[in-house]
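This report concerns only the one structure given below.
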Amino acid sequence: MPLLDGGHVVEDPWVLVPDDAPFPADAPALVTLKRLPEARRPGRRLGVLLGPASRAEDVAAALPDLSLIAVEFPKFRDGRGFSLARTLRERHGFTGEIRAVGHILPDQYRFLLRCGVSTVALPEGADPAPWQAALGRFGVAYQPAAAEEAPLDHLRRRLAAP
Amino acid sequence: MDTIERHAPASASMYKGAGIYRYDDFDREFLRERVAEFRAQVARRLAGELTEDEFKPLRLMNGLYLQLHAYMLRCAIPYGVMSADQLRQFAHVARTFDRGYGHFTTRQNIQFNWIALEDAPDAIAALAEADLHAIQTSGNCIRNVTTDEFAGAAADETVDPRVYAEIIRQWSTLHPEFSFLPRKFKIAITGAPGDRAALQIHDIGLTAKRDAQGRIGFEVWVGGGLGRTPILGFRIRDWVPEDALIAYLEAILRTYNALGGRENIHKARIKILVRDVGQARFAELVEQEFATLPREKFRLDPAIVAAIEAHFTPPPFAAVPDAAAALAGAVAADAEFAAWVGRNTHAHREPGYICAVISLKPIGGVPGDCTAAQMDAIANLAEQFSFGEIRVSHVQNLVLPHVRQDRLHALWQALRPLGLATANVGLLSDIIACPGLDYCSLASARAIPVAQRIAERFADLRTQHDIGTVFINISGCINACAHHHVGHIGILGVDKKGEEFYQITLGGSASNDAALGDIVGPAYAYDDVVDAVETILRTYLAVRSPGEAFIETYRRTGLAPFREALHAAA
Ligand code: SF4
């Protein structure tokens, strides 16, 4: 699947490990929450896939071992992932990659970035152009968010060009 | 004749409705970006690149609904405050893109019922010319914040709620985290002890108040809402300091966004979450979230409050004495004017001034409707009599907030030929009715014609004045857009095997004494519902104690006498 980072399609090194499959020997492993305990091992690059009902607390203890947290959006209308991403950043200080996966619209791209999401997994064959356009569209915002932005005053800030 | 020109100091010559938040370049840049985005979305939809399912939440974020016959555009009037120029722009949109009228709603917005999809971007661009928009007037996001229609003018006000309503408007605009909530989210705020914003039927209700040292803080109500599961909000906190307002709102919204129901649209409002987890547990969850938020980041800096407050400085009131005697003279000389003053005015905090309510409920009219010509005329009158400022009330009337008492008679005379001087504010013909089956695709029954027939039955205003204050609310279906649960007399349209029936409730209230009405009995057919309302009102006249208002009588007697009379009449 194409992976979008800063509006550009990039290589995705991660392998999603099904629950019944062994962990890959040397590729970074993306596992489900269920398998997280057994997957934690020194030296392994590890990522976890969080379902929409997950809370940041579910992975809080494992954060030092995690390089990637993939947050699932079952339907673009389901906005729980925005709060999840933001809580991971703001409350738990997670600095690794947060990836949005699932059903997401380009119109939501800015919101995702502002909530602390770093990358978006696009469906196979998706055109990155509308995503790039969505990034260019808004240069201003009215509230603090998880992403670092240049505040103009308490409420208003100018969004950096990606 | 203009008060401003004649009496204002020279420094106020630039004065253009100080009670309106005036956009700067930043705000305008934002609106332009938004119009461009919406234009692109409509183009993608028209080209088939977006499915209706995908387009729907995007158009809803811009106030565009699909109704029975056409698209409906709901435009925001932030906290119900607008300038004369803005009202003229609405008139322009009504004329150019609609059929020459607009409809003011209970959420202090205006709706245009006949907009073509292709025209919607142009209509929105026209609104942006006057710093107006339709952002977040629908969809599962934080909606237009509402407040007291007499804000910044009312004699009993302790804190001007417009300042905080504007802060909340900005904070909630395209909020990155809270734009895809489980359901719509409505916030109301007031700054007076008398609740004129129906706080307890909102997802969040805020009362701005002062402590003993004069510092500002907020009492917070949460979890109110009507619809098919009517619930009144509960007080979650007695005091949130001013600088923590945004942080506390974030904490409530985040708790709701994470835990609110998403499976069933009818169980997705915050009221259901509060009911299911319990008030105490919900409060605990919010406090936990509040305690861990990076408070400095969300701290509402007093400098920001001051900067926004500067937009709402009082207009240059003339130093005139209270004109009570002159007004009393005019009232004594003219019974019709007296009736209008008695019902359609509200005490102003400034000596010599008064708030005037323009009723949009002419007998036999459509509640809340206003023609483009009337809008233009009201805009002119606002400039002549009220520093160019107009408010929309949550009962679908308009308000000129700052009228000189000694010019009130002149205003009234100017309103009469426009059909805008009906002396019925708070009377039985001041009905709140939703669009119902005449426009709304969700409706079970008509609401507007029921309102018209009730008003016509009591067309004689003297009878109405004798009956006095009674709020009648009529919803065309269980979604309760006309808040029938909190009407003194609530009427709910239901569908019984393809026929329109109406269930009646009594004793509801949306004020400080908020209550949900009690069902009187079986529903009435369309042809019988007006008779039933008349029976209820005649029963009240028969059993009331001297000086007792309808709602007071009901609270004293309960349902019994009304039930008996209805039963006897059936
Ligand atoms: S109450 Fe029902 S009929 Fe009336 S506007 Fe709301 S959804 Fe439509």
Side-chain angles (χ1 to χ4, degrees), chain A residues 52-57 60 73-87 89-93 103-117 127 129-130 133-134 136-149 151-159, chain B residues 24 26-27 29-31 33-34 36-37 40-41 44 49-50 53-54 56-58 61 139-141 166-182 243 246-247 250 253-260 262 289 292-294 296-305 307-308:
Chain A
S54 303
R55 305 297 305 272
E57 295 70 54
F73 289 75
K75 193 84 185 132
F76 72 96
R77 263 185 254 109
D78 186 335
R80 285 175 289 183
F82 293 100
S83 284
L84 182 53
R86 194 163 173 187
T87 307
R89 291 278 186 238
E90 275 182 359
R91 185 189 296 180
H92 299 284
H103 186 205
I104 306 156
L105 299 184
D107 310 77
Q108 296 174 303
Y109 195 15
R110 264 286 191 204
F111 289 162
L112 288 169
L113 296 180
R114 295 196 68 215
C115 285
V117 168
D127 177 7
R137 202 162 286 130
F138 281 94
V140 296
Y142 281 98
Q143 59 289 103
E148 291 298 326
E149 294 147 348
L152 295 171
D153 55 41
H154 170 79
L155 291 168
R156 313 194 299 177
R157 50 250 306 124
R158 201 160 278 287
L159 305 179
Chain B
D24 60 15
F26 179 97
D27 300 307
E29 179 184 340
F30 171 81
L31 262 200
E33 289 171 345
R34 183 64 175 190
E37 181 192 43
Q41 286 165 348
R44 275 156 70 204
E49 289 165 27
L50 282 175
D53 189 45
E54 289 173 330
K56 186 175 170 188
L58 305 176
M61 296 283 286
N140 295 336
C141 53
E166 173 60 25
I167 287 168
I168 294 169
R169 182 193 74 79
Q170 294 194 13
W171 159 75
S172 63
T173 297
L174 264 58
H175 196 295
E177 186 180 346
F178 305 131
S179 289
F180 295 88
L181 295 168
D243 68 355
I246 300 294
E250 291 257 344
L253 265 298
R254 184 175 287 179
T255 304
Y256 169 54
N257 193 36
L259 300 178
R262 288 180 187 268
E289 194 64 56
T292 56
L293 276 174
E296 197 42 42
K297 186 170 191 171
F298 293 102
R299 183 171 164 271
L300 185 53
D301 192 326
I304 294 311
V305 179
I308 289 185

Could you tell me whether B:Glu37 and A:Arg110 have a side-chain N and a carboxylate O separated by less than 4.0 Å?
-> no
Side chain, backbone, both or neither: which part of B:Ala40 has a heavy atom under 4.5 Å from chain A?
-> side chain
Applying a strict 4.5 Å limit to non-hydrogen atoms, the region of B:Gln41 in contact with chain A is side chain
Is there side-chain contact between A:Tyr142 and B:Trp171, with heavy atoms separated by less than 4.5 Å?
-> no
Hey, are A:Arg86 and B:Glu250 close enough for a salt bridge, meaning a charged N less than 4.0 Å from a carboxylate O?
-> yes
Is there a side-chain contact between A:Arg80 and B:Phe180, using heavy atoms and a 4.5 Å cut-off?
-> no
Aromatic centroids of B:Phe178 and A:Phe111 separated by under 6.0 Å | no
Quick one: of B:Glu54, B:Met61, B:Glu49, who has the most non-hydrogen atom pairs under 4.5 Å with chain A?
-> B:Glu54
What heavy-atom pair brings B:Phe26 and A:Ala141 nearest, and what distance separates the two atoms?
-> CZ-O, 3.5 Å
Could you state the interatomic distance from CD (B:Glu177) to CG (A:Leu84), rounded to the nearest 0.5 Å?
-> 10.0 Å
Exercise: identify the closest heavy-atom pair between B:Leu174 and A:Arg114 | O-NH1, 4.4 Å
Can you check whether A:Gln108 reaches B:Leu58 side chain to side chain, under 4.5 Å on heavy atoms?
-> no
Going from CG on A:Asp107 to CG on B:Leu50, what distance comes out if it is rounded to the nearest 0.5 angstrom?
-> 7.0 Å
Should A:Lys75 and B:Asp53 count as side-chain neighbours, where that means a heavy-atom distance under 4.5 Å?
-> yes
What's the spacing between B:Thr173 OG1 and A:Gln143 CD if we round to 0.5 Å?
-> 7.5 Å
Measure B:Asn257 against the heavy atoms of chain A and call it side chain, backbone, both or neither at under 4.5 Å.
-> both
pair B:Phe298-A:Pro144: side-chain heavy atoms closer than 4.5 Å | yes
Residue part contacting chain A, namely of B:Arg34, when any heavy atom lies under 4.5 Å | both
Taking the side chain as every heavy atom from C-beta outward, state whether A:Arg77 and B:Arg262 have any atom pair closer than 4.5 Å.
-> no
A:Ala133 versus chain B, the contacting section by heavy-atom distance below 4.5 Å | neither
B:Arg254 vs A:Ser83, side-chain hydrogen bond (donor to acceptor under 3.5 Å, both in side chains): CA-CA, chis, key distance, verdict | CA-CA 6 Å; B:Arg254 184 175 287 179; A:Ser83 284; 4.6 Å; no
Heavy-atom donor-acceptor pair, B:Lys297 side chain to A:Ala145 backbone, under 3.5 Å | yes
Most contacts with chain A, counted as non-hydrogen pairs under 4.5 angstrom, among B:Ala36, B:Ser172, B:Ser179 | B:Ser179
